[in-house]
Each structure stands twice: as structure tokens, then as C-alpha cells.
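Remarks on the structure that follows.
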There are 2 protein chains.
Amino acid sequence: MHKEHILTKNQQIIFDLIDKSPEPMKAYSILFNVQKKGIKAPLQVYRALDKLVEIGKIHKIESRNAFIACHNSSCRVAKATAFSICEICEKVTEIGSAGLSKYLANFKDKDGMKYSKYNLEFFGLCKKCR
Amino acid sequence: MHKEHILTKNQQIIFDLIDKSPEPMKAYSILFNVQKKGIKAPLQVYRALDKLVEIGKIHKIESRNAFIACHNSSCRVAKATAFSICEICEKVTEIGSAGLSKYLANFKDKDGMKYSKYNLEFFGLCKKCR
DNA sequence: ATTTAAATTGTTATAATATAACACCATGTA
DNA sequence: TACATGGTGTTATATTATAACAATTTAAAT
Ligand SMILES: [Zn+2]
Ligand SMILES: [Zn+2]
Ligand SMILES: [Zn+2]
Ligand SMILES: [Zn+2]
């Protein structure tokens with residue numbers, strides 16, 4: 001499983017912060033929040049983020065330039081992600097639908113090409129905002 | 001149809017440039033290319049880009065911070081987009097699969113929520129790069 | 001134990017992407 | 001006319017992300 005990596009100090013500090021956050025966090029907000037723990041420069045944050053994304057502990061929400069912890073236990077392939085995003089409150093939820101991931105993993109374009117990696121972002125209004 | 005808008009001067013200049021480009025263009029590359037036509041500041045570019053995205057003439061490739069012209073004649077709903085992206089040569093193609101758009105438009109999350117707006121980016125290697 | 005390679009860290013500086021604020025202009029329309 | 005709407009031009013600034021380099025830690029491999 002991809003989540004058994006031992007994290008380094010910086011990676012752990014930054015993962016813990018993102019994991020506790022109820023909403024996606026932006027890099028410079030992360031930086032601000034971990035400065036008291038000795039992480040002082042953007043690059044330290046971005047390096048940890050890169051690694052955490054690579055090993056699947058967090059995902060980047062591309063349309064928001066923000067990061068959330070992976071809470072999808074079936075998300076073994078870190079590179080196949082789907083999210084719903086509320087356009088009012090900006091709440092983001094990872095979608096763990098087996099049907100969806102199966103459909104997308106098997107999707108072939110008109111040249112017959114299959115893709116094992118994808119990112120899907122749905123937009124709408126969450127329950128609370130409707 | 002969403003593509004019948006009359007473009008303003010700046011919008012037309014910038015759309016023409018993107019439309020001619022074989023690959024997605026980044027904002028500051030656009031700026032550099034239209035400076036000889038009198039568009040001098042980033043904001044002028046971003047304002048035109050925002051409008052062009054809004055009316056569906058171009059799309060933003062979120063993972064690349066780049067813009068391509070819409071070449072999908074069935075893409076009436078500018079807000080439901082799908083692309084394939086080659087991770088080597090960065091070639092981007094808009095996917096116009098009716099099956100895919102139907103599947104995604106009808107997709108319900110576990111709370112039964114449907115989304116009319118989405119962006120999907122597939123990653124892989126294009127024909128040439130395999 | 002000693003050497004070596006790989007990964008991580010710390011640091012300063014800088015690049016790349018995007019928006020705020022404000023004055024002005026063009027166009028349509030009541 | 002007067003008013004509303006949207007577009008423009010401009011300067012300044014905010015936000016997001018990487019380059020370059022030296023030092024340190026970690027985990028094998030000899
Ligand atoms: Zn996940
Ligand atoms: Zn909401
Ligand atoms: Zn399109
Ligand atoms: Zn390619």
C-alpha cells in the first residue's frame with residue numbers, strides 16, 4: 001500500500017497540519033502555520049508537499065492550488081483522483097466511487113488510448129449551500 | 001450556441017493567438033506575443049482570458065496553467081471539459097466523447113448529488129511518445 | 001567501522017502566475 | 001440627455017512556485 005511510507009520530520013509536520021484541516025490548505029497558509037515549528041521557507045513546504053503528493057498521502061486540488069489529505073482508503077493509485085468542490089463554501093470532498101474509478105480507468109479515447117492517471121474535479125453546491 | 005459572442009479587440013487578438021497555437025499557451029507567453037499589438041500588461045491578458053473561458057471559446061488546463069481554444073463542436077456546455085495530456089511532449093487534446101460526457105453529467109455521488117460542471121484531465125503518453 | 005550514494009534540509013534569491021485599485025472610455029438604452 | 005454596463009489602460013502588488021548551492025542525515029555496501 002502506498003501509505004506506509006515513513007515520513008521525515010518536515011513531511012510529518014506538514015501532513016499532520018493538512019490532515020487536521022477541514023478544508024484544503026494553500027502552500028503559504030501551511031507555511032504560516034508551521035513557522036513556529038521551524039519551517040521557515042516556501043521551498044521547505046513545497047518539497048514536503050511534492051513528496052506527500054507523490055506517495056499519495058495528500059492530493060492537490062488543481063483548480064484551487066490547494067492540498068487535502070487523502071481520506072479515500074480505496075485510493076491505492078494516488079494518480080487517479082476525483083473530487084467534488086462547492087463553489088460557495090469551497091468545501092472539497094474526495095469521491096471514492098468504485099464505479100467512477102472503474103469507468104475512468106477503462107475509458108478509451110477515440111484513438112483507443114487508455115489512461116491510468118487522471119484528475120477529475122466536479123463543481124456544484126454542497127448540501128449546506130443549496 | 002455559446003460561441004457566437006462578438007469579441008472585443010483584445011479578446012479577438014488573444015483568441016486568434018491561442019487558436020492558432022498547436023499547444024496550450026501560458027498567460028505570460030501570450031502577453032509576450034501580443035505586445036506588438038499594443039497589449040502591454042498582464043491584466044489585459046487575464047481579463048480577456050477570463051472572458052474567453054467564461055463564454056467557452058477557450059479552456060484552461062488547470063494542471064498546466066495554460067489555455068487552449070475549444071475545438072469540440074459538441075462542447076456547448078463550456079463548463080464540462082475533458083482533456084488528454086501527454087506527460088512527455090505536453091500535447092493536449094480535448095476529448096469529445098459523448099459517452100464520457102453523458103456518464104459524468106449523470107454521475108451521482110454517494111449523497112445523490114449531481115454535478116453539471118466538471119473538469120477532467122487524463123495523463124499518459126501520446127501516440128508519438130510511446 | 002568506513003565509504004559511498006541517495007535523500008533531505010536550510011538558505012537566499014528569483015521566477016512565474018494572478019489580482020487590486022482606480023481612472024477613463026465605448027456602447028447601448030431609457 | 002442621463003444612466004448603466006462592460007471594456008480598457010495603467011501602476012502596483014499579491015500569490016504561487018522554483019533555481020542554485022552548501023550542509024546534513026540516512027541507509028546501505030564494502
Ligand atoms: Zn485519495
Ligand atoms: Zn458549500
Ligand atoms: Zn471545448
Ligand atoms: Zn507526446
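Small disclaimer: the values here were computed from a predicted structure and weren't measured. Here is the naming used below: chain letters follow the sequence lines, and residue numbers restart at 1 for every chain.
Listed pair B:K26 / C:dA15 fails the phosphate criterion, with no side-chain N or O lying under 4.0 Å from OP1 or OP2. Remark: B:Q44 is not in phosphate contact with D:dT8, judged by side-chain N or O atoms under 4.0 Å from OP1 or OP2. Dashed line: the shortest gap from a side-chain N or O of B:N65 to OP1 or OP2 of C:dA18 is under 4.0 Å. Distances shown here put a side-chain N or O of A:T8 below 4.0 Å from the OP1 or OP2 atom of C:dT9. Residue A:K9 places no side-chain N or O under 4.0 Å from the OP1 or OP2 atom of C:dT8. Remark: A:Y46 is in phosphate contact with D:dA17, judged by side-chain N or O atoms under 4.0 Å from OP1 or OP2.
No hydrogens or angles were tested; on distance alone, nothing pairs the side chain of B:R47 with the base of D:dG6 as donor and acceptor under 3.5 Å. Taking only distance into account, the side chain of B:Y28 meets the base of C:dA18 through a donor-acceptor pair shorter than 3.5 Å.
Per the geometry, NZ belonging to A:K37 stands 15 Å off P belonging to C:dT9, to the nearest Å. One interatomic measurement links the two molecules: CD of B:E62 to C1' of C:dA18, which rounds to 13 Å at whole-angstrom precision. Summarising the geometry, the separation between CZ on A:F67 and C1' on D:dT15 is reported as 13 Å, rounded to the nearest angstrom. The interatomic distance linking A:I14 (CD1) with C:dG10 (C1') rounds to 13 Å, in whole Å. Between A:L43 atom CG and D:dA19 atom P the separation is 9 Å, expressed in whole Å. Look at CD on B:E54: it is 13 Å from C1' on D:dT5, rounded to the nearest Å. Regarding B:L49, its CG atom lies at a distance of 12 Å from the C1' atom of C:dT17, rounded to whole Å. The interatomic distance linking B:F32 (CZ) with C:dA15 (P) rounds to 16 Å, in whole Å.
When only modelled atom types and interatomic distance are considered, A:H71 and A:D19 share a side-chain donor-acceptor pair under 3.5 Å. For the residue pair B:E121 and B:N119, a side-chain donor N or O sits within less than 3.5 Å of a side-chain acceptor on the partner.
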Show the numbers, then the answer: is there a salt bridge (Lys or Arg N to Asp or Glu O under 4.0 Å) between A:E23 and A:K91? CA-CA 6 Å; A:E23 59 200 21; A:K91 178 177 163 58; over 6 Å; no
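Residue A:N10 places its side chain closer to C:dG10 than to any other of C:dG10, D:dT10, C:dA18.
In this structure, A:Y118 has its ring center no closer than 6.0 Å to that of A:F107.
Here the shortest heavy-atom pairing between B:F123 and B:E87 reads CB-CD, 3.8 Å.
Mapping B:Q11 and B:A41 onto DNA chain D by nearest heavy atom places B:Q11 at the nucleotide closer to the 5' end.
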